[in-house]
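Counting starts at 1 for both ligands and their atoms, following the listed order. These numbers come from the heavy atoms of this one structure, side chains and all, not from hydrogens, waters or symmetry mates.
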Amino acid sequence: MFELFERTPKNPLITSHDLPYHANAVFNAGAADLGKEVLLLVRVETTSGRSHLVVARSLDGVSGWRFDERALLHPAQGFEYEANGVEDCRLTWVEERGCWVIAYTAYSDQGPGVALATTTDFRTVERIGLVSPPDDKNAALFPCTFDGLFAMLHRPSAGGASAWLSYSPDLVYWGRPSVVIPVRGGPWWDGARVGAGLPPIETEEGWLVIYHGVKYVVGDPIYRIGAALLDRDEPHRLIGRTRRWLLSPQERYERTGDAPNVLFTCGGFVRGDELWIYYGAADSCICLATAKLVDVLAAITRDNSG
Ligand code: BMA
């Protein structure tokens, strides 16, 4: 099947066997291109069923992953609302704060909510804390402010599981929520659920959002990856989105695993003229796919013209 994104032949890049300790699965990693190396903040699900986030580094972003010995964010650190684990982070470099902001899912006894933390070195973190109550997840922060306000995509589960955008003057208090990428309903590949993937990428044409869309087939979800474009100055305005998905579960390691038929991306960046996306496959391993950035933008434009 032709799809815009191409898998690296080294997939799956990381499995639980690559960890220096025993765990059930690795998946859904945030990514940072640090120039000399690529850093992933990997979700590790232990055999308790709960997840923590641990740093892995690679010189080429593909091979030779080295894991830190201790988790950066872990439920045992005792933070309120993280008792059931920390999941699915997105990493955004915020120039005006001089730090990385980690947006992640804090899984409390009340359900999953959105939490933020900051770091400069990926060795220590400062928690901002819970910024949106359950059920809310898939938070991805924009790298800059808009008329002095930070902007963040997130996905409250109520009312149809669409992607929303909220603004904040300080990363702590969030408001002015609005739906930006609605679920398309019916038989569409993104008919049942959508959620932002990596943090939005600024382009001449607007903010590129790589997102996951979910369709249920005989009761079971299929998670696929598509793209949308948001207005450059008012990112709560949707310019367009792809009618077709750009990457879907095809390979054995995507079709089978703890959650079959799931591609879930949280991390990626632009390198040269390529868009790299790291994605969790079947909630069991971590993979990489790339596409030409111009091709992704052209796919959105084509699908929204006329
Ligand atoms: C979503 C998230 C992801 C997971 C996906 C598929 O709701 O919880 O962490 O990869 O479901 O199981």
Enumerated ligand 1 atoms positioned under 4.0 Å from heavy atoms of [X]:
X: V262; answer: 6 (C)
X: K137; answer: 2 (C), 7 (O), 8 (O)
X: Y223; answer: 1 (C), 5 (C), 6 (C), 7 (O), 11 (O)

N/O separation below 3.5 Å, D88 to ligand 1: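 Indeed, backbone or side chain, D88 has an N or O that close.
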Quick one: does N28 get an N or O within less than 3.5 Å of an N or O on ligand 1? yes
Nearest-contact summary for atom 10 (O) of ligand 1 - protein heavy atom, Å: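 Ranked first by proximity to atom 10 (O) of ligand 1 is D283 OD1, 2.6 Å.
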D190 side chain to Y211 side chain, donor-acceptor N/O pair below 3.5 angstrom: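 Yes, Y211 and D190 have a side-chain donor paired with an acceptor closer than 3.5 Å.
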Polar side chain donor-acceptor pair, Y21 to E69, under 3.5 angstrom: no
Pairwise side-chain contact, D231 with H236, heavy-atom cut-off 4.5 Å (strictly under):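 No, too far: nothing below the 4.5 Å cut-off.
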Does R193 come within less than 4.0 angstrom of ligand 1, counting non-hydrogen atoms of the residue? no
Are the aromatic ring centres of Y167 and W174 under 6.0 angstrom apart?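 No.
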Centroid-centroid distance, F142 to W93, less than 6.0 Å: no
Output yes when a side-chain donor or acceptor of D60 lies under 3.5 Å from a complementary backbone atom of S63, and no otherwise. yes
